[in-house]
Trainee: 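Quick one: the structure is below, questions incoming.
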Protein chains: 2
Amino acid sequence: MAETSTLGYALLGLLARAPLSGWDLAQRLDMPAGYFWSAGHSQIYPELKKLERAKLVKHTKVEQRDRPDKKVYALTAAGRRALRRWVTTPLAPAPKRDELMLRVYSLWLADPADAVAFVRDQEAVHRRRIAEYETHQADVEQHWAAELDDPRSPRFATYATLRRGLGYERELADWCAWLASRITS
Amino acid sequence: MAETSTLGYALLGLLARAPLSGWDLAQRLDMPAGYFWSAGHSQIYPELKKLERAKLVKHTKVEQRDRPDKKVYALTAAGRRALRRWVTTPLAPAPKRDELMLRVYSLWLADPADAVAFVRDQEAVHRRRIAEYETHQADVEQHWAAELDDPRSPRFATYATLRRGLGYERELADWCAWLASRITS
DNA sequence: GGACGCATGTAATAGGTTACATGATTAC
DNA sequence: GTAATCATGTAACCTATTACATGCGTCC
């Protein structure tokens with residue numbers, strides 16, 4: 001029996017690093033900022049209420065002069081425990097849904113010229129993302145070198161996911177290049 | 001205006017290669033057989049009815065002596081055209097949802113020993129999948145070498161997705177190994 | 001006055017999973 | 001008879017997306 005949904009854990013994971021408002025959480029989980037989980041604000045506000053009913057988070061009203069007031073959510077001790085327990089719980093294999101692969105599975109039907117254009121376009125998308133991630137990586141390695149050796153610092157965890165994102169995008173872009181050249185030849 | 005849902009295209013993609021019954025389609029889209037799309041039979045049977053109403057597929061009853069009768073679905077000319085059009089249509093960036101990365105993002109909270117065990121376990125899962133895919137790859141390369149050079153053969157498309165699956169799993173397993181050793185040191 | 005960013009919510013719809021339900025045929 | 005495989009369907013629930021809805025404050 002999970003204490004909350006996966007989205008709930010995503011929110012707890014962000015709040016474990018710093019208290020945030022619903023709007024702030026939505027910023028971080030909206031594409032393209034959310035590297036590996038995403039959600040719109042219409043999903044986040046109700047979820048925060050659930051988490052609060054479950055006593056995993058609590059909010060405090062913060063009045064602002066220059067902007068509308070907001071509710072800032074923070075983890076409770078129980079919320080932190082639940083998150084900590086969840087992170088190393090056995091992970092059930094999730095069904096994959098990759099639309100690019102689904103397209104490629106039927107790409108033999110297309111005109112080869114169209115197929116190459118499609119695949120080269122995908123490659124460009126991922127090369128752009130690689131450049132973006134590389135900038136992040138360089139920044140992180142320069143400014144937080146010390147923390148990247150400490151597996152108990154949040155920065156270490158962020159760095160690990162960034163490395164994975166880079167590896168993923170590189171492998172994908174290279175595969176696109178391989179496929180495009182293979183169709184051409 | 002898409003002519004059908006992504007699941008619909010997944011079914012069309014399978015039927016473009018050979019006519020199949022709902023049950024056969026479910027076999028191919030059930031974990032772990034479906035490499036990059038999955039669906040249960042409760043989603044497939046209604047979807048086939050939708051596709052038939054849209055005249056993208058048609059079924060014929062096939063009586064069997066040794067087994068229950070079945071409905072075998074095949075693409076119509078319109079279905080084939082719709083699929084062909086769809087494969088190279090610009091692909092909208094999809095929101096990512098990767099629970100493993102979500103766990104790792106909060107892994108700094110866990111005891112390092114638990115964290116390493118968790119990551120090593122994940123690595124093992126993906127190494128097993130690599131071994132499986134490698135067997136497939138060897139089979140395909142041996143038996144269908146000629147077709148793998150023809151971008152208009154379905155076998156070529158399957159081979160391309162298999163290569164991608166292998167690249168994905170290798171990158172992931174290697175990243176797990178990197179992370180585990182980084183936590184340990 | 002209008003656009004933009006901040007801020008919070010609800011409603012309707014679509015997509016997906018789990019559970020319920022039935023029935024044929026074969027092998028043990 | 002009973003379990004396993006083949007075969008087809010519906011219902012209930014959960015998750016996620018898109019659309020609707022409101023309102024403050026700043027800048028132009």
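Since we're looking at a predicted model, the values are computed, not measured. Reckoned from all heavy atoms, side chains included, excluding hydrogens, waters and symmetry mates. In the text below, chain A, chain B and the rest are named by the order of the sequence lines, each starting its count at 1.
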Trainee: Could you list the donor-acceptor pairs under 3.5 angstrom formed by side chains in residues 150-158 of chain A, with sequence neighbours left out?
Mentor:
{"residue": "D150(A)", "atom": "OD1", "partner": "R152(A)", "partner atom": "N", "Å": "2.9"}
{"residue": "S153(A)", "atom": "OG", "partner": "E147(A)", "partner atom": "O", "Å": "3.3"}
{"residue": "S153(A)", "atom": "OG", "partner": "R155(A)", "partner atom": "N", "Å": "3.4"}
{"residue": "S153(A)", "atom": "OG", "partner": "F156(A)", "partner atom": "N", "Å": "3.2"}
{"residue": "R155(A)", "atom": "NE", "partner": "E147(A)", "partner atom": "OE1", "Å": "3.3"}
{"residue": "R155(A)", "atom": "NH2", "partner": "E147(A)", "partner atom": "OE1", "Å": "3.4"}
{"residue": "T158(A)", "atom": "OG1", "partner": "R17(A)", "partner atom": "NH1", "Å": "2.6"}
{"residue": "T158(A)", "atom": "OG1", "partner": "R17(A)", "partner atom": "NH2", "Å": "3.3"}
{"residue": "T158(A)", "atom": "OG1", "partner": "P154(A)", "partner atom": "O", "Å": "3.2"}

Trainee: Could you tell me how far apart E63(B) (CD) and dA24(C) (P) are, to the nearest whole angstrom?
Mentor: 14 Å
Trainee: Name all residues meeting the salt bridge (charged side-chain N to carboxylate O under 4.0 Å, His left out) criterion together with E99(A); count only those two or more places apart in sequence or in a different chain, and write none if there are none.
Mentor: R103(A)
Trainee: Identify the pairs formed between an N or O of the protein and an N or O of nucleotides 3-7 of chain C at a distance under 3.5 Å, and give each distance.
Mentor:
{"residue": "dA7(C)", "atom": "OP1", "partner": "Q64(A)", "partner atom": "OE1", "Å": "3.3"}
{"residue": "dA7(C)", "atom": "OP1", "partner": "Q64(A)", "partner atom": "NE2", "Å": "2.6"}

Trainee: Only counting residues at least two apart or in another chain, list the ones meeting side chain to side chain donor-acceptor pair (under 3.5 Å) with T88(A).
Mentor: none
Trainee: Under 4.0 Å from any heavy atom of chain B: name the first and the last nucleotide of DNA chain D that qualifies, 5' to 3'.
Mentor: dC6(D) to dT17(D)
Trainee: Could you work out, with side-chain contact (heavy atoms from CB on, under 4.5 Å) as the rule, every residue matching A82(A), not counting sequence neighbours?
Mentor: E3(A), L56(A)
Trainee: Rounded to the nearest Å, what distance is computed from the CG atom of residue L20(A) to the C1' atom of nucleotide dT8(C)?
Mentor: 16 Å
Trainee: With a 3.5 Å cut-off and sequence neighbours excluded, list the donor-acceptor pairs that the side chains of residues 171-185 of chain B form with protein atoms.
Mentor:
{"residue": "E171(B)", "atom": "OE1", "partner": "R164(A)", "partner atom": "NH1", "Å": "2.2"}
{"residue": "D174(B)", "atom": "OD1", "partner": "R127(B)", "partner atom": "NH1", "Å": "3.4"}
{"residue": "D174(B)", "atom": "OD1", "partner": "R127(B)", "partner atom": "NH2", "Å": "3.1"}
{"residue": "W175(B)", "atom": "NE1", "partner": "A160(A)", "partner atom": "O", "Å": "3.0"}
{"residue": "S181(B)", "atom": "OG", "partner": "W178(B)", "partner atom": "O", "Å": "3.0"}
{"residue": "R182(B)", "atom": "NE", "partner": "L148(A)", "partner atom": "O", "Å": "3.4"}
{"residue": "R182(B)", "atom": "NH2", "partner": "L148(A)", "partner atom": "O", "Å": "3.1"}
{"residue": "T184(B)", "atom": "OG1", "partner": "A180(B)", "partner atom": "O", "Å": "2.7"}
{"residue": "S185(B)", "atom": "OG", "partner": "R182(B)", "partner atom": "O", "Å": "3.4"}

Trainee: side-chain contact (heavy atoms from CB on, under 4.5 Å) with Q137(A): which residues, sequence neighbours excluded?
Mentor: E141(A), Y159(A), L162(A), R163(A), L166(A)
Trainee: Taking side chain to side chain donor-acceptor pair (under 3.5 Å) as the test, write out the residues that go with T161(A), two or more places apart.
Mentor: none
Trainee: NA contact type, K61(B), heavy-atom cut-off 4.0 Å: base, sugar-phosphate, or nothing?
Mentor: nothing
Trainee: For T76(B), enumerate each residue passing the side-chain contact (heavy atoms from CB on, under 4.5 Å) test, keeping only those at least two apart in sequence or located in another chain.
Mentor: K58(B), A78(B)
Trainee: Tell me, please, which residues at least two apart from V72(A) pass side-chain contact (heavy atoms from CB on, under 4.5 Å).
Mentor: P19(A), T60(A), V62(A), K70(A)
Trainee: Rounded to whole angstroms, how far apart are CD1 on I44(A) and P on dT10(C)?
Mentor: 14 Å
Trainee: Between R120(A) and E123(A), is there a side-chain N and carboxylate O pair less than 4.0 Å apart?
Mentor: yes
Trainee: Could you list, one pair per line, each protein nitrogen or oxygen that sits under 3.5 Å from a nitrogen or oxygen of nucleotides 14-17 of chain C, together with the distance?
Mentor:
{"residue": "dG16(C)", "atom": "OP2", "partner": "Q43(B)", "partner atom": "NE2", "Å": "2.9"}
{"residue": "dG16(C)", "atom": "O3'", "partner": "R97(A)", "partner atom": "NH2", "Å": "3.3"}
{"residue": "dT17(C)", "atom": "OP1", "partner": "R97(A)", "partner atom": "NH2", "Å": "3.1"}
{"residue": "dT17(C)", "atom": "OP2", "partner": "R97(A)", "partner atom": "NH2", "Å": "3.0"}

